[in-house]
Amino acid sequence: MAEISISLPQGDKKNFPVGIVAHEALKELVSNKVRKNTIAVRLNGELRDLSTVIQQDTELEPVSSDTSEGLVILRHSTAHVMALAVLELFGYEVQVAIGPATDDGFYYDFDRGEPFSSEDFEKIEAKMTEIAAARVPFVMKRVSKAKAISVFKEKNQAYKLELIADIEDEEVNLYQLGDFVDLCRGPHLPDTGWLKGFKLLRLAGAYWRGDENRQMLQRLYGTSFFDAKELKSYLYNLEEAKKRDHRKLGKDLELFTIQDQVGPGLILWQPKGALLRKNIEDFWKAEHYKHDYELLYTPHIARRDMWKTSGHLDFYGENMFSPMDIDDVSYQLKPMNCPFHIAIYQTRKRSYREFPIRWCELGTVYRYEKTGALHGLMRVRGFTQDDAHIFCRPDHLAEEIFNILELNLNILKAFGFEDYDIYLSTRPEKYVGSDEHWQQATEALKSALEKKGLAYELDPGEGVFYGPKIDIKIKDVLGRSWQCSTIQVDFNLPERFDISYTGADGNEHQPIMIHRALMGSLERFFGVLIEHYAGAFPVWLAPVQARILNITDAQLDYTEEVYRALRKLGVRVEKDDRNEKLNYKIREAQVQKVPYMLILGDKEVESKTVTVRLRNGDNLPAMSVEEFVDIIRKESEILN
RNA sequence: GCCCACGUAACUCAGUAGGUAGAGUACUUCCUUGGUAAGGAAGAAGUCACCGGUUCGAAUCCGGUCGUGGGCUCCA
């Protein structure tokens, strides 16, 4: 009988008869201990089932359940188990669409006349538990497309037929699990006995193939682990994440509010949130001053004609609010600040000698968002951009972008964000400007990124209509990423507004414009900050840096004295001089996440000191007011 | 915008055989003056999101509107 050689990545090698099944070969190749945790294999680099038949010399690597690949396989298989449960419970006439693994679980899309309910969740989970206990095998068959089509025609699974039609290979894989046959690339677990900890999490609508013009399907989300304990800890972490939800903390800490009577997606900054925003803005302005930016202020509305000139009505119209009629002239709420900055540019003739002109503005813009897209501070209809526009010559471009990146990363660092994902987006389908301009701008962005030594991902076709862009997504402490910074080159607006400058040659030239926002939207950035710090802001940002707690009414005079002294020295301080017990006051200050509590009893009055309790429960020795102010000042130093 | 769920005092939530609303916290007043995470008592507080319908009668059933949540789509 013919033999083949199967080797492990580390070099061990053995001969086997042709047609040996992978898991049989593993018996000879690896220890029982390793084999026990093996759920799939990698054959010449490709993930395959443990039941794969091997026909030729190959390199084989066991895939263990404790790898991230193993987890993906488990979740994908769990999606199939859920589909089987749904079909068993609700009938095989239910249409199944797609069911992949996601970053933290899996989903499967179904098309069924009736909606699923939360009681259905329990039934489905119970059925899945049954299936898991029965250790149902996943059986893979490689069949011709024609065969697959006839199978799904017979089962009346239209979505699968559509999927097959788009597959180019002549053969496809069918996976059979009980009576459920699915079109699937695989690989899968050997059997359902591996399912030890899974849970259905939520139900949501999802368009077939993400197209809002097509059928809305019901998507069931769930997650799955090899160990029930891991599931439990995942669910616990979900609860913890909920605790730092900016919407909850925003309410508890009285930072911001969104109210029906005002309207959805419109943010009201409460005193504490406003103070925090002021701290952000002061810092932002100081940094921009250092980097030779000048500050602008512009209005919230402008004549509709200006938005025609800018091209926004054509290219951004669906995101703009309806026009308003003022004395028979049509006006629009601004969705962007750029045209106003151009208007300021136009106030006089410009020379290349003033370049680069760097104008920044904390500009509030209004954009129409579909109601379903709104989300706390993260997605709103009115928000303030930390915007800037730079007017320069083409030869300035690369350096300006480099400088922006530097300022950008510095500012983000001050807020504790040092992990990013960077994307370079190129020309979209709908665009203006010449191909040459696009290429020139894209090159400039690329070279700046490379000079700064930043790794980035190319995002083809995702640029804005007027130019290519760099987007920076920051990662918070929980590893979630948030789109904030954006740097966009624009060859278009200068042309539309026909702005120019006098060059060294005495002729008129068209400047290039760079749009950029670092924090993006103050609202969103605030939301990210709240979640990042779980509401326990660093001293330089905290709206209240210290709260004075007197022990009894006997210290009221001294409380007032300390309070006044600290205010005078610029410390953001509150006093809690209510007739309550110390424990009670400490608890409240703690819940409000105030960094420092200053406790004043008879001892402190006597020695003219304050006793400092930290947010973490520790105490500092008694000190004078001046000594405490030094601590606050030291802790408030940011960026060198 | 679309799918599903939800919308009860300032907050968190009870309130399913449909019979004109409850708790805890917060708030106000009083007692208490107590050193490191909730002292005690009393009181005030709700058009049960809004509009309409079914019913002798609706927070509870039905329809619509608005809003919120989880997704899809989209994005700062």
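Below, all heavy atoms of this structure are taken into account, side chains as well, without hydrogens, waters or symmetry copies. Naming convention: chains lettered A, B, ... in sequence-line order (proteins, then strands); numbering from 1 in each chain.
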Enquirer: At under 4.0 Å between heavy atoms, which parts of nucleotides 5-11 of chain B does protein reach? Answer with one letter per nucleotide, 5' to 3': B base, S sugar-phosphate only, - none.
Expert: ------S
Enquirer: Determine the Euclidean distance between corresponding C1' atoms of A23(B) and G69(B); express it in Å to zero decimal places.
Expert: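 These two C1' atoms come out 25 Å apart once rounded.
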Enquirer: Taking atom P of G70(B) as reference, at what distance in whole Å does atom CG of Asp245(A) sit?
Expert: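 Going from CG in Asp245(A) over to P in G70(B) covers 7 Å.
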Enquirer: Please measure how far the C1' atom in G63(B) lies from the corresponding atom in G70(B), and state the result in whole Å.
Expert: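 Each nucleotide's C1' atom is 25 Å from the other's.
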Enquirer: Establish, yes or no, whether the cationic atom of Arg214(A) lies under 6.0 Å from the six-membered ring centre of Tyr207(A) and within 45° of the ring axis.
Expert: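 Here Arg214(A) fails the 6.0 Å and 45° test against Tyr207(A).
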Enquirer: Can you confirm whether the side chains of Thr298(A) and Lys334(A) place a donor and an acceptor under 3.5 Å from each other?
Expert: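 Yes - a donor-acceptor pair under 3.5 Å links their side chains.
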Enquirer: Rounding to a whole Å, what distance do you find between Ile470(A):CD1 and A76(B):C1'?
Expert: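 My rounded result for the distance is 16 Å.
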Enquirer: Respond yes when some side-chain nitrogen or oxygen of Thr486(A) is under 4.0 Å from OP1 or OP2 of A76(B), and no when none is.
Expert: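 So the side-chain polar atoms of Thr486(A) never come under 4.0 Å of the phosphate oxygens OP1 or OP2 of A76(B).
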Enquirer: Of Asp618(A) and Lys469(A), whose closest RNA chain B nucleotide lies nearer the 5' terminus?
Expert: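 Its nucleotide being nearer the 5' end, the pick is Asp618(A).
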Enquirer: To the nearest 0.5 Å, how far apart are CH2 in Trp482(A) and CG in Leu529(A)?
Expert: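 Going from the CH2 atom of Trp482(A) to the CG atom of Leu529(A) covers 11.5 Å.
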Enquirer: Considering only residues two or more places apart or on different chains, which pairs with a residue in residues 417-427 of chain A satisfy side chain to side chain donor-acceptor pair (under 3.5 Å)?
Expert: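 Checked against side chain to side chain donor-acceptor pair (under 3.5 Å) - neighbours excluded - the pairs reaching residues 417-427 of chain A are Arg427(A)-Asp435(A).
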Enquirer: Roughly how far apart, to the nearest Å, are U20(B) and C27(B) at atom C1'?
Expert: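 Between the two C1' atoms, the distance is 27 Å.
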Enquirer: Can you confirm if the NZ or CZ of Arg547(A) lies within 45° of the ring axis of Tyr563(A) and under 6.0 Å from the centre of its six-membered ring?
Expert: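 Output no; distance or angle outside limits.
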Enquirer: Any carboxylate oxygen within less than 4.0 angstrom of a Lys/Arg side-chain nitrogen, looking at Glu588(A) and Arg578(A)?
Expert: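 Answer for the salt bridge query: yes.
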Enquirer: Roughly how many Å is it from CD in Gln488(A) to C1' in A76(B), rounded to a whole number?
Expert: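 Distance check: Gln488(A) CD to A76(B) C1' gives 9 Å.
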Enquirer: Grab the OH-C1' distance between Tyr207(A) and C3(B) for me, whole Å please.
Expert: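 Going from OH in Tyr207(A) over to C1' in C3(B) covers 8 Å.
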Enquirer: Side chain of Arg524(A), backbone of Met378(A): donor and acceptor closer than 3.5 Å?
Expert: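 Yes, because the side chain of Arg524(A) sits within donor-acceptor range (under 3.5 Å) of the backbone of Met378(A).
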Enquirer: With P as the reference atom in both, quote the distance from A38(B) to A44(B) in angstrom, rounded to an integer.
Expert: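 Straight-line distance between the two P atoms is 29 Å.
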Enquirer: Expressed as a whole number of Å, how far does the C1' atom of A9(B) sit from that of G46(B)?
Expert: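 5 Å, rounded to whole Å.
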Enquirer: Below 3.5 Å, does any donor atom in the side chain of Arg379(A) face an acceptor in the base of C74(B), or the other way round?
Expert: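 Yes, a donor-acceptor pair under 3.5 Å.
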Enquirer: Taking protein heavy atoms under 4.0 Å as touching, what does nucleotides 39-48 of chain B look like 5' to 3' if B marks base contact, S marks sugar-phosphate-only contact and - marks none?
Expert: B---------
Enquirer: Do any side-chain nitrogens or oxygens of Arg615(A) fall under 4.0 Å of OP1 or OP2 in A37(B)?
Expert: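 Arg615(A) to A37(B) OP1/OP2: no side-chain N or O under 4.0 Å.
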Enquirer: Closest approach to the side chain of Arg202(A), judged atom by atom: which nucleotide of G71(B), G69(B), A37(B) is it?
Expert: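 My answer, after comparing the listed nucleotides, is G71(B).
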Enquirer: Counting side-chain heavy atoms from CB outward, which of C4(B), A37(B), G70(B) is closest to His375(A)?
Expert: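 Nearest listed nucleotide: G70(B).
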Enquirer: Distance check needed: C75(B) C1' versus Ile474(A) CD1, whole Å only.
Expert: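 After rounding, the reported distance stands at 15 Å.
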Enquirer: The side chain of Val380(A) is closest to which nucleotide in this list: A37(B), A76(B), G35(B)?
Expert: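 Looking only at side-chain atoms, Val380(A) lies closest to A76(B).
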Enquirer: What integer number of Å spans the C1' atoms of A59(B) and C50(B)?
Expert: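 A59(B) and C50(B) have their C1' atoms separated by 14 Å.
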Enquirer: Got a sec, which residues hit side chain to side chain contact (heavy atoms under 4.5 Å, CB included) with Asp387(A), two or more places apart in sequence or on another chain?
Expert: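 Counting only residues at least two positions away or on another chain, Asp387(A) forms a side chain to side chain contact (heavy atoms under 4.5 Å, CB included) with Asn337(A), Gln385(A), His389(A).
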Enquirer: Ignoring hydrogens and geometry beyond distance, is the side chain of Glu369(A) in donor-acceptor contact with the base of A76(B) at under 3.5 Å?
Expert: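 Checked by distance alone, the answer is yes.
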Enquirer: Report the distance from atom NZ of Lys370(A) to atom C1' of C3(B), rounded to the nearest whole Å.
Expert: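 For the pair Lys370(A) NZ and C3(B) C1', the rounded distance is 14 Å.
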Enquirer: Please determine whether a side-chain nitrogen of the Lys or Arg among Lys123(A) and Asp120(A) lies less than 4.0 Å from a carboxylate oxygen of the Asp or Glu.
Expert: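 Counted as a salt bridge, because a side-chain N and a carboxylate O are separated by less than 4.0 Å.
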Enquirer: Taking the inter-plane angle between the rings of His300(A) and Tyr366(A) on a 0 to 90° scale, is it parallel (under 30°), tilted (30 to 60°) or perpendicular (over 60°)?
Expert: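 His300(A) vs Tyr366(A) ring planes: tilted.
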Enquirer: Taking atom C1' in both G57(B) and G18(B), compute the distance separating them and give it to the nearest angstrom.
Expert: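 Between the two C1' atoms, the distance is 8 Å.
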Enquirer: Does a salt bridge link Glu239(A) with Lys242(A), judged by any charged N lying under 4.0 Å from a carboxylate O?
Expert: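 Salt bridge between Glu239(A) and Lys242(A), a charged N being under 4.0 Å from a carboxylate O: yes.
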Enquirer: Dot-bracket for RNA chain B, please, read 5' to 3', with Watson-Crick or G-U wobble pairs under 3.5 Å on both distances, ( ) within the strand, [ ] crossing, | other strand, . unpaired.
Expert: (((((((..((((.....[..)))).(((((.......))))).....(((((..]....))))))))))))....
Enquirer: Tell me: CD of Gln483(A) to P of C75(B), nearest whole Å?
Expert: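 Between P of C75(B) and CD of Gln483(A): 10 Å.
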Enquirer: Heavy atoms from C-beta onward define the side chain here; which of G34(B), A37(B), G71(B) lies closest to that of Ala204(A)?
Expert: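 The listed nucleotide nearest to Ala204(A)'s side chain is G71(B).
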Enquirer: Report all side-chain donor-acceptor pairs from residues 255-262 of chain A shorter than 3.5 Å, counting only partners two or more places apart or in another chain.
Expert:
unit_1    : atom_1 : unit_2    : atom_2 : d
Gln259(A) : OE1    : Gln261(A) : NE2    : 3.1

Enquirer: Nearest-nucleotide wise, let me know which of Arg578(A) and Gly372(A) is further upstream toward the 5' end of RNA chain B.
Expert: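 Of the two residues, Gly372(A) wins.
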Enquirer: Would Arg219(A) and Tyr107(A) count as a cation-pi pair here, with the cationic atom under 6.0 angstrom from the ring centre and within 45° of the axis?
Expert: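 Yes; both conditions hold, so Arg219(A) lies above the ring face of Tyr107(A).
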Enquirer: Closer than 4.0 angstrom, basic N to acidic O: yes or no for Glu523(A) and Arg277(A)?
Expert: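 Arg277(A) and Glu523(A): salt-bridged.
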Enquirer: For a quick check of understanding: with a heavy-atom distance under 4.0 Å over all strands, which category does Tyr221(A) fall into, base, sugar-phosphate or nothing?
Expert: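 The answer is sugar-phosphate, as Tyr221(A) gets under 4.0 Å only of primed atoms, P, OP1 or OP2.
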Enquirer: Just compare G34(B), G71(B), G70(B) and give me whichever is closest to any side-chain atom of Met216(A).
Expert: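 Looking only at side-chain atoms, Met216(A) lies closest to G71(B).
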Enquirer: Could you tell me how far C11(B) sits from C4(B) if I compare only their P atoms? Round to whole Å.
Expert: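 Per the computed distance, 28 Å lies between those P atoms.
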Enquirer: Ignoring hydrogens and angles, answer whether the base of G35(B) and the side-chain atoms of Glu604(A) contain a donor-acceptor pair closer than 3.5 Å.
Expert: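 Per atom types, the contact qualifies.
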Enquirer: When you measure only distances, ignoring hydrogens and angles, does the side chain of Arg524(A) come within 3.5 Å of the base of C75(B) through a donor and an acceptor?
Expert: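 It does, because a donor-acceptor pair links the side chain of Arg524(A) to the base of C75(B) below 3.5 Å.
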Enquirer: Please state how far atom CG in Leu374(A) lies from atom C1' in C74(B), giving the value in whole angstrom units.
Expert: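 Taking CG of Leu374(A) and C1' of C74(B), I get 11 Å after rounding.
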Enquirer: Any side-chain N or O of Arg247(A) under 4.0 Å from OP1/OP2 of G69(B)?
Expert: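 The answer is yes; a side-chain N or O of Arg247(A) sits under 4.0 Å from OP1 or OP2.
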